[in-house]
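Chain letters run A, B, ... following the sequence lines, proteins first, then strands; residues in each count from 1.
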Amino acid sequence: MRRDSKLPRSFYDRPTLTVARELLGKHLVFVRRGVRLSGKIVEVEAYIGEDDPACHAAPGLTRRNAVMYGRPGFSYVYFIYGMYYCMNVVTERKGFPAAILIRAAEPDEGIEKMAASSPKIVRHLLLSGPGRFCRSLGLTTSHSGLDLLGDRLFIEDRGASIGQLVSTPRIGINKGMDHQWRLFDGSSTSVSAQRRK
DNA sequence: AACACGATCTACT
DNA sequence: GTAGATCGTGTTG
């Protein structure tokens, strides 16, 4: 596709909620073994600073969350529950820990490859849910800390739009429930399971 | 060195 | 609706 549509560093170097809102409708691309795998982002969650109790940076700087304290526009992938990976996009200036969890996308390029990684998952749900998203794409902690302005993992603006912006509390956490920092496209059938308010 | 738990998903009742 | 899988990470001793 068009290489000039790759999002610039300045896109990520802004308030996290602004970046999160604008990430919806953009296409995330992962080049695996020279093959493009991609999907249109339809669901994200924002984790902002050490004062956000649900953010991995709440305990302060550690080996694991270090990339969140770095420059914006890098990937942060972590391992959870002994078997899943979750991918985030680092935002805001160097020194301020914040990131956006990619929770779901609508499969686009490389759907057959994704299906091979996640057999018996319906097409439109191959990238639905943070764990499945990484599983279907083949993303692991070895892909953490990658520059999203590089050629292996990046996000493109293809001018796509989303149906309807919806915000709810974040899922799967027991702290920081006072914020509506989960954003998704209410008209997409690829958004992860729980849709309650 | 030992321990409790987690930004999840699937299978099963 | 709920339990089980399965292990890196941060904390405590």
Side-chain angles (χ1 to χ4, degrees), chain A residues 12 15-17 19-21 23-24 28 30 39 41-70 72 74-92 96-107 114-146 148 153 155 166-185 188-197:
Chain A
Y12 305 100
T16 304
L17 290 175
V19 180
R21 194 171 59 241
L23 269 183
L24 296 177
L28 181 141
F30 176 47
I41 299 170
V42 295
E43 180 184 0
V44 299
E45 276 180 359
Y47 289 88
I48 314 173
E50 298 180 342
D51 292 335
D52 172 1
C55 182
H56 281 183
L61 176 66
T62 66
R63 190 191 193 88
R64 175 211 206 188
N65 65 28
V67 65
M68 290 181 75
Y69 285 79
F74 280 76
S75 63
Y76 166 46
V77 183
Y78 65 87
F79 184 59
I80 188 75
Y81 297 123
M83 59 179 82
Y84 294 108
Y85 297 95
C86 291
M87 188 218 157
N88 297 255
V89 168
V90 176
T91 59
E92 312 217 25
F96 185 86
I100 297 168
L101 171 71
I102 306 298
R103 288 195 59 93
E106 294 176 355
M114 296 180 202
S117 301
S118 302
K120 66 182 175 179
I121 294 293
V122 214
R123 288 274 188 290
H124 73 283
L125 295 180
L126 281 170
L127 302 178
S128 183
R132 269 198 211 150
F133 178 86
C134 284
R135 178 167 164 60
S136 294
L137 289 179
L139 290 170
T140 70
T141 46
S142 70
H143 303 108
S144 190
L146 289 184
L148 298 181
L153 182 61
I155 301 177
V166 181
S167 63
T168 72
R170 293 167 292 183
I171 290 177
I173 56 176
N174 10 269
K175 295 177 178 177
M177 302 304 288
D178 48 329
H179 295 117
Q180 310 257 115
W181 289 351
R182 172 187 178 223
L183 308 178
F184 64 90
D185 176 353
S188 174
T189 56
S190 294
V191 169
S192 70
Q194 309 147 273
R195 286 201 195 195
R196 35 187 145 230
K197 295 188 65 179

Separation of B:dC5 atom P from A:H56 atom NE2, nearest Å, is 16 Å

| task | Would you check if the side chain of A:D185 reaches a backbone N or O of A:V42 as a donor-acceptor pair within less than 3.5 Å? | result | no

Q | Short N-O contact, A:D52 and A:R170, less than 4.0 angstrom | A | yes

message: Between B:dA7 and C:dG1, how many Å separate the two P atoms, rounded to a whole number?
response: 22 Å

Is A:Y47 stacked on the base of B:dA7, meaning ring centres closer than 5.5 Å and planes within 30 degrees of each other?
yes

Hey, does the side chain of A:S128 reach the backbone of A:S190 with a donor-acceptor pair shorter than 3.5 angstrom? yes

Rounded to whole Å, the CZ-P distance (A:R182 to B:dT8) equals 11 Å

| Is any side-chain N or O of A:R103 closer than 4.0 Å to OP1 or OP2 of B:dT8? | yes

Whichever of A:N174 and A:K120 has the more 5' nearest nucleotide on DNA chain B, that residue is A:N174

Practice task
Remember a base hit wins even if backbone is also touched, and classify A:I121 as base, sugar-phosphate or nothing at under 4.0 Å, heavy atoms.
Solution key: sugar-phosphate

Of B:dC9, C:dA5, B:dA7, the nucleotide closest to the side chain of A:L101 is B:dA7

When rounded to whole Å, the CZ to P distance for the pair A:R170 and B:dT8 reads 11 Å

Rounded to whole Å, CE of A:M83 lies from C1' of C:dA3 at a distance of 12 Å

query: When all nucleic acid strands are considered with a 4.0 Å heavy-atom cut-off, which category describes A:F79: base, sugar-phosphate, or nothing?
result: sugar-phosphate

When you measure from the side chain of A:S167 to the backbone of A:F184, do you find a donor-acceptor pair of N or O atoms at a distance under 3.5 Å? no

Salt bridge (charged side-chain N to carboxylate O under 4.0 Å, His left out) pairs touching residues 114-141 of chain A, sequence neighbours excluded, are A:E112-A:R123

### Query
Contact class for A:G82 (heavy atom, under 4.0 Å): base, sugar-phosphate, or nothing?
base

Rounded to whole Å, the OH-P distance (A:Y81 to B:dT10) equals 14 Å

Counting only Watson-Crick and G-U wobble pairs with both atom distances below 3.5 Å, the stems of 3 or more consecutive pairs that include DNA chain B are B:1-6 with C:7-12, B:8-12 with C:1-5

Is the side chain of A:E92 donor-acceptor paired with the backbone N or O of A:T16 at a distance under 3.5 Å, no angle test?
yes

Practice prompt. Spell out, as yes or no, whether a donor-acceptor pair under 3.5 Å connects the side chain of A:S117 to the backbone of A:G138.
Written response: no

How would you label the contact of A:R132 with the nucleic acid (heavy atoms, under 4.0 Å): base, sugar-phosphate, or nothing? sugar-phosphate

Taken to the nearest whole Å, CZ/A:R135 to P/C:dT6 is 13 Å

A:S136 side chain to A:L127 main-chain N or O, any donor-acceptor pair under 3.5 Å?
no

Listing time: all N or O pairs from protein to nucleotides 10-13 of chain C that are below 3.5 Å?
from   : atom 1 : to    : atom 2 : distance (Å)
C:dG10 : OP1    : A:T62 : OG1    : 2.3

Please answer whether the main-chain N or O of A:A99 pairs with a side-chain N or O of A:N88 as donor and acceptor at a distance below 3.5 Å.
no

In whole angstroms, the gap separating P of C:dG8 from OH of A:Y84 amounts to 16 Å

Rounded to whole Å, the NZ-P distance (A:K175 to B:dA7) equals 10 Å

Would A:R103 and A:E45 pass as an ion pair if we require N to O under 4.0 Å?
yes

